[in-house]
Amino acid sequence: MEKSKKHNLKKVLIFSLLGIIGLLLVVSTIGFWSIKPMLSKRIKTAVLESTDNLYHLDFKDINYNIISGNARVLGVNWRADSTIFDSLRIAKKLPDNVYQGKVNEIKLSGLHPWKIFFSNKLELGTISITDPNVELVHQKQSYNSLKTAKSPYQIISKFVKSFSVNKIVFQNINFAYVDQAKPSQSHVSKIENLDLEVSDLLIDSTSDKDKQRFYYTKECVFSLKKVQIPSQDSLNTIKINELLFSTKTRSLSIKNLVVQPRFKAMEYSVRTNGDDRIGILFNDIKLQEINIEKLFKDKKIYAETLDINKGNVTVFSDTRAFNVPPEAPYRPFPHEAFRDWNLKFMINKVRMKNFNITYSEYNSETKSVGNVLFKKVTGNIKNFTNDTLTLKNNPNCQVVFNGYLMNKGAITLKFDFDMIAPKSDFLFMGNVKKMEIPHLNQVTSSLGFARAEKGTLNEFTCNLKGDKYGLKGSATMLYQDLNITILKKGDEPKLKKRKLLSFFANEFVIKDSNPIGKQPVRVSAIQYQRIPTKPFFFTLWKGILSGITKSVMG
């Protein structure tokens, strides 16, 4: 009997406790729904007060499950009140960066009110933000450099002691950056379909001093996939298969970067009045030891190394005459173009390997294209920068390429670009080791109406000093047993032999060797005046070709 009473008492206590818990849950849930309008108003008011009435926050609804600690905020929209811009500017309170945007849905997990109540800390498990559209308008206000802006901790300390989130996931961000450095000439940059994952966000009284954190986080990982954007001149399409950037490792990796001309070779020439058509495929890119502070504060890319593994570069040049005004400006060389980029960068060393480079030239007389092939190319670039401050200390960008000409003769190409010279000065050195000259027939027949029947190149060396007006230098071509056939254009696309002219050329014009017997080695002087509208690679090739021609003709 006594045991039965105790058993019944336990049942009463258990059911009573469950009833109390249930009642508390019901009351809490009812309480949340009853205070939801007040809570919504309080959140909106807090945003206004903490931003000097600059920002207005609106949302359609808030849903919260007190048991799981999960919450959803729907239809979030925040906007900057342009009507108070002037008053904030006069009061010297307008920030350099003004944000606007909207989000379809925000999901939060691990939101437990009693943690806030007992510890005065706001701790969340995860925040998931879907399809945010964000616009950032940047306009530097001179007075902001003279004062210290409120830190995130100073802003939240009015409400809680600390704020932390284990993970924040942004999916499918559409971001627009509006640079109003010159208000009359706003420049807009857009990024679409960006994903961002933030790990271990902590804002408290000491986290800003943690050297292991970036903007209060342990790591931010940015990722993009299947990106396709037009170039500024709309002549090319830039494609990226995958991009990944980590603030923790301070590295950026890109898979399959493609610069694809939008028009075929001949049409591209017409649309650009004869500019080089350049196509690029970089399979694997890695930028390492990035200076995070310069990237986010100064909008400059400073990094130690850039590794590019495997790729193809094609350059097409057109020799046809185009309708260009006589006083047309000189077409900029590559180092001029890099120097004038708005984006400033400094990369100490660029390393390239497993590349193929093709230089193609259309000859309007033969109506064919000659292709100069560089296979198995490796390269190094030192002091690759366009930042004025860095160039004051060292203005020279040095480039070295090694590979195989026509996949046969070992070749070395060296450039030394003076990045601040008014005339865009540069030095060039080229060297080709032993190969059979007939391997160049595809080039010589298409571009020069000549074909080598036999001949051995022992070594070719070329040294040039150039600027935007032309080239000067010398070339030495050591070869033996050269015999050529002169070609002519026939009724068919295929070129025909000119036997008699070939005989006279080999007997009286062409030198079959250099040196000949015990005679001194012939060194050819090069002096080439640039055609102002012709691009860099065309100009360089014509200078080298003039040295080759003089070498074999004596």
Side-chain angles (χ1 to χ4, degrees), residues 231-233 235-236 259 268-269 272-278 280 300-301 306 313-319 322 324-350 352 357 359 361 372 374 379-401 412-431 462-475 525-547:
S231 61
Q232 194 168 358
D233 56 14
L235 292 168
N236 304 282
V259 178
Y268 191 96
S269 299
T272 61
N273 286 324
D275 200 359
D276 283 340
R277 178 186 184 272
I278 301 176
I280 296 173
K300 294 180 179 180
I301 297 177
L306 172 62
V313 178
T314 60
V315 181
F316 176 84
S317 197
D318 198 330
T319 63
F322 292 92
V324 179
E327 300 300 321
Y330 280 81
R331 205 181 289 273
F333 280 171
H335 54 304
E336 287 182 275
F338 285 130
R339 184 182 63 202
D340 295 337
W341 272 8
N342 290 325
L343 175 64
K344 299 304 176 185
F345 60 88
M346 163 60 194
I347 301 172
N348 194 40
K349 184 181 287 187
V350 180
M352 308 168 70
I357 301 173
Y359 174 79
E361 186 176 298
V372 185
F374 304 91
N380 289 284
I381 305 174
K382 293 182 179 180
N383 196 41
F384 186 43
T385 180
N386 65 354
D387 194 336
T388 308
L389 295 176
T390 306
L391 290 172
K392 284 182 179 179
N393 297 323
N394 181 8
N396 295 95
C397 175
Q398 297 171 326
V399 182
V400 178
F401 289 116
T412 298
L413 304 175
K414 296 181 179 180
F415 298 86
D416 191 331
F417 296 104
D418 190 330
M419 298 294 292
I420 62 174
K423 295 182 181 179
S424 303
D425 297 8
F426 71 94
L427 300 175
F428 168 79
M429 190 284 288
N431 178 269
C462 181
N463 291 281
L464 295 173
K465 182 177 182 181
D467 57 32
K468 66 192 229 177
Y469 299 111
L471 305 167
K472 290 181 181 179
S474 63
I526 297 174
Q527 182 145 358
Y528 179 77
Q529 184 175 348
R530 181 192 176 194
I531 302 171
T533 56
K534 290 299 182 182
F536 177 78
F537 294 107
F538 177 93
T539 302
L540 183 63
W541 170 245
K542 290 302 179 185
I544 296 170
L545 194 59
S546 70

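We number each residue from 1, following the sequence as shown.
- Nearest heavy-atom pair across Gly274 and Pro535 is O-CD, 3.8 Å.
- Expressed to the nearest 0.5 Å, how far CG of Leu464 lies from NZ of Lys472 amounts to 12.0 Å.
- The two residues Ala475 and Gly547 have their closest heavy-atom pair at CB-CA, 4.0 Å.
- Among pairs with a residue in residues 417-427, those fulfilling side-chain hydrogen bond (donor to acceptor under 3.5 Å, both in side chains) read Glu336-Ser424, at least two apart in sequence or across chains.
- Between Ile420 atom CD1 and Arg339 atom CZ the span is 9.0 Å, to the nearest 0.5 Å.
- Checked against the 6.0 Å centroid criterion, the rings of Trp341 and Phe338 qualify as a close aromatic pair.
- For the atom pair Leu306 CG and Ile381 CD1, the distance stands at 8.0 Å (nearest 0.5 Å).
- Between the side chain of Lys468 and the backbone N or O of Arg331, no donor-acceptor pair lies under 3.5 Å.
- Here the side chains of Met346 and Asn348 are in contact, with some heavy-atom distance below 4.5 Å.
- Summarising the geometry, atom OG belonging to Ser269 is positioned 8.5 Å from atom CG belonging to Asp275; distances are rounded to the nearest 0.5 Å.
- Between the side chain of Asn386 and the backbone N or O of Leu343, at least one donor-acceptor pair lies under 3.5 Å.
- When all heavy atoms of Leu471 and Gly543 are compared, the closest pair comes out as CD1-CA, 3.8 Å.
- In terms of modelled atom types and a separation under 3.5 Å, the side chain of Asp276 and the main chain of Ile278 share no donor-acceptor contact.
- Taking the six-membered ring where the residue is Trp, Phe426 and His335 present perpendicular rings, their angle passing 60° and hence far from 30°.
- The CZ atom of Arg277 sits 8.5 Å away from atom CG of Asn236, with the distance rounded to the nearest 0.5 Å.
- Residues Phe333 and Arg530 form a side-chain contact, since some pair of their non-hydrogen atoms from C-beta on lies under 4.5 Å apart.
- Counting only heavy atoms from C-beta outward, the side chains of Thr319 and Phe538 approach each other to under 4.5 Å.
- Surrounding NZ of Lys382 are at most 12 heavy atoms belonging to other residues, nucleotides or ligands under 6.0 Å away.
- Inter-residue side-chain proximity for Thr533 and Asn273 is flagged as unmet; no heavy-atom pair is nearer than 4.5 Å.
- Checking Asp387 against Thr385 by side-chain atom types alone, no donor-acceptor pair falls below 3.5 Å.
- A 4.5 Å side-chain heavy-atom check between Leu427 and Met429 finds every atom pair outside the cut-off.
- Note on ring orientation: taking the six-membered ring where Trp is involved, the planes of Phe415 and Phe428 are tilted (angle from 30° to 60°).
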- [ ] Start with the C-alpha distance between Phe537 and Phe316, add both sets of side-chain angles, then the distance that settles side chain to side chain contact (heavy atoms under 4.5 Å, CB included), and finish with yes or no.
- [x] CA-CA 9 Å; Phe537 294 107; Phe316 176 84; over 6 Å; no

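- A centroid separation of less than 6.0 Å is found between the aromatic rings of Phe384 and Phe345.
- Counted within 6.0 Å of CG on Asn342, heavy atoms from surrounding residues, nucleotides or ligands total 12 or fewer; the atom is thus considered open.
- Shown here for Thr272 and Tyr268, the closest heavy-atom pair between the two residues is OG1-O, 2.8 Å.
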Indicate every side-chain donor-acceptor pair of residues 390-399 with a distance under 3.5 Å to a residue at least two apart or in another chain.
{"unit_1": "Thr390", "atom_1": "OG1", "unit_2": "Tyr302", "atom_2": "OH", "d": "2.9"}
{"unit_1": "Asn394", "atom_1": "OD1", "unit_2": "Asn396", "atom_2": "N", "d": "3.2"}
{"unit_1": "Asn396", "atom_1": "ND2", "unit_2": "Asp416", "atom_2": "OD1", "d": "3.0"}

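- Residues Phe374 and Val372 meet the side-chain proximity criterion, which asks for heavy atoms closer than 4.5 Å.
- Residues Ser317 and Tyr359 approach most closely at CB-OH, 3.3 Å, considering heavy atoms.
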